[in-house]
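Working notes, structure below.
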Amino acid sequence: MSSSQGKRGAFIVLEGCDRTGKTSQCQALVDKLTQADIQARYMNFPDRSTQCGKLINGYLTRKDDFTDEGIHLLFTLNRWEKTKEMEKLLRSGISLIVDRYSFSGVAFSSAKGLDMDWCKAPESGLLKPDLVILLTLSPEAMARRGGFGDERYEVPTFQRKVIEKYSMLKDDRYWKTIDADKAFDDLTVELYKEVVNSIDSSGDMAIEKLW
């Protein structure tokens, strides 16, 4: 099942509110794909290792503060920083399993009251995913998960607003919604089927741009 010569990798994003298990599931999917001899790479946004990412980390951990507009643009810049690397990996046949992307940026910033079209504008032209999987979890179930509340946005009332914004961004042509309130391994199996289908169908398609 490894990529045939000339076929590109698939760009797959896991989205959702905080504590839905996106990071752990992305890593589990990459492990499972690698075991099946499918080339895959885990990536996440924000990438806190870059200069821009370090500023974002200071904000998220409440060490620094920015205006809502300023932090939104930093998150966007963080994605632009990785675009060339991502495209190169995809063209080399490596599928990307990505923890959060532009949709998080727009959903969280618009949930704070910024205009959604303004939020989308600087993201326009970034790579468009082949598949976005939106993991859903009730705010009550979210709050029961370990670590909830450690970072700035992990407040149940705010997370409800984020869920509403995701529903406005959802595009059924390349989005799937999956309930994350189930056993970890069962969820991995469900996600893996969707991911493999996307890898199989994306290999000969052109890489598109977002919005």
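Numbering of residues begins at 1 and proceeds along the displayed sequence. When reading the values below, keep in mind they use all heavy atoms of this one structure, side chains included, and skip hydrogens, waters and symmetry mates.
Ring orientation note: the planes of F45 and Y101 are tilted relative to one another, at an angle of 30° to 60°.
Rounding to the nearest 0.5 Å gives a distance of 4.0 Å between CG of L187 and CG of L191. Between atom NZ of residue K22 and atom CD1 of residue I133 there is a gap of 12.5 Å, rounded to the nearest 0.5 Å. Here the straight-line distance linking atom NZ of K209 with atom OG1 of T83 works out to 8.5 Å at 0.5 Å rounding. The NZ atom of K7 sits 15.0 Å away from the OG atom of S92 when rounded to the nearest 0.5 Å. Annotation: the span from C52 atom SG to K82 atom NZ amounts to 11.5 Å, rounded to 0.5 Å. Note that CG of L55 is 7.0 Å distant from CG of D64, once rounded to the nearest 0.5 Å.
Contact of the V195 side chain with the S95 side chain is not registered, since no non-hydrogen atoms from C-beta on lie closer than 4.5 Å. A 4.5 Å side-chain heavy-atom check between L90 and L127 finds at least one atom pair inside the cut-off. Here the side chains of L33 and I97 are in contact, with some heavy-atom distance below 4.5 Å. Here the side chains of V189 and K193 are in contact, with some heavy-atom distance below 4.5 Å. Two residues are said to be in side-chain contact when any heavy atoms from C-beta on lie closer than 4.5 Å; Y42 and T23 meet this criterion. E15 has its side chain out of reach of L169: every pair of non-hydrogen atoms, C-beta onward, lies at least 4.5 Å apart. For the pair L137 and C17, the minimum side-chain heavy-atom distance is 4.5 Å or more. Contact annotation: the side chain of E190 approaches that of K182 to within less than 4.5 Å [non-hydrogen atoms, C-beta and beyond].
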- Task: Report the C-alpha distance between N44 and R100 in whole Å, list the side-chain angles of each, state the deciding distance to 0.1 Å, and finish with yes or no for side chain to side chain contact (heavy atoms under 4.5 Å, CB included).
- Result: CA-CA 6 Å; N44 68 299; R100 292 201 183 283; over 6 Å; no
- Task: Assess whether side chain to side chain contact (heavy atoms under 4.5 Å, CB included) is satisfied between I56 and T50, documenting all intermediate values.
- Result: CA-CA 10 Å; I56 293 170; T50 69; over 6 Å; no
- Residues T20, T136; criterion side chain to side chain contact (heavy atoms under 4.5 Å, CB included); working and verdict: CA-CA 7 Å; T20 49; T136 60; over 6 Å; no
- Task: Decide side chain to side chain contact (heavy atoms under 4.5 Å, CB included) for E194 and I178; before the verdict, give the C-alpha distance in whole Å, the side-chain angles of both, and the deciding distance to 0.1 Å.
- Result: CA-CA 10 Å; E194 297 290 350; I178 293 179; 4.2 Å; yes
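Across every non-hydrogen atom of F158 and A111, the tightest pair is CE1-CB, 3.7 Å. Shown here for G105 and R79, the closest heavy-atom pair between the two residues is CA-NH2, 3.7 Å. Nearest heavy atom pair, residue S102 against residue L126, reads OG-CD1, 3.4 Å. In terms of heavy-atom proximity, S110 sits nearest to M116 at OG-CE, 3.7 Å. The minimum heavy-atom distance linking S202 with S198 is given by the pair OG-O, 2.6 Å. Here the shortest heavy-atom pairing between N78 and D47 reads OD1-N, 2.7 Å.
Each salt bridge (charged side-chain N to carboxylate O under 4.0 Å, His left out) pair with one or both residues in residues 126-138, not counting sequence neighbours, appears once here: R8-D130, K128-E208.
Between W211 and F103, the ring center distance clears the sub-6.0 Å criterion.
In this structure a side-chain-to-backbone donor-acceptor pair under 3.5 Å is missing from R91 to G9. In this structure, the side chain of S109 does not engage the main chain of V106 through any donor-acceptor pair within 3.5 Å. When atom types are taken as modelled, the side chain of S124 and the backbone of K120 share no donor-acceptor pair closer than 3.5 angstrom. A side-chain donor-acceptor contact under 3.5 Å links T34 to the backbone of V30.
Transitive grouping of hydrophobic side chains (ILVMFWY, heavy atoms separated by less than 4.5 Å) brings Y174 and L96 into a common cluster. Using a 4.5 Å cut-off between side-chain heavy atoms of Ile, Leu, Val, Met, Phe, Trp and Tyr, with links allowed through other members, W80 and M43 fall into the same hydrophobic cluster. Residue L77 is not grouped with residue I71 when hydrophobic side chains (ILVMFWY) are merged at heavy-atom distances under 4.5 angstrom, including chains of intermediate members.
Scored by the salt bridge (Lys or Arg N to Asp or Glu O under 4.0 Å) test, D185 finds no partners at all (sequence neighbours excluded).
Other residues, nucleotides and ligands contribute only 12 or fewer heavy atoms inside 6.0 Å of the NZ atom of K161.
Membership of the apolar cluster around W118 extends to L73, L114, as traced through chained side-chain contacts below 4.5 Å between ILVMFWY residues.
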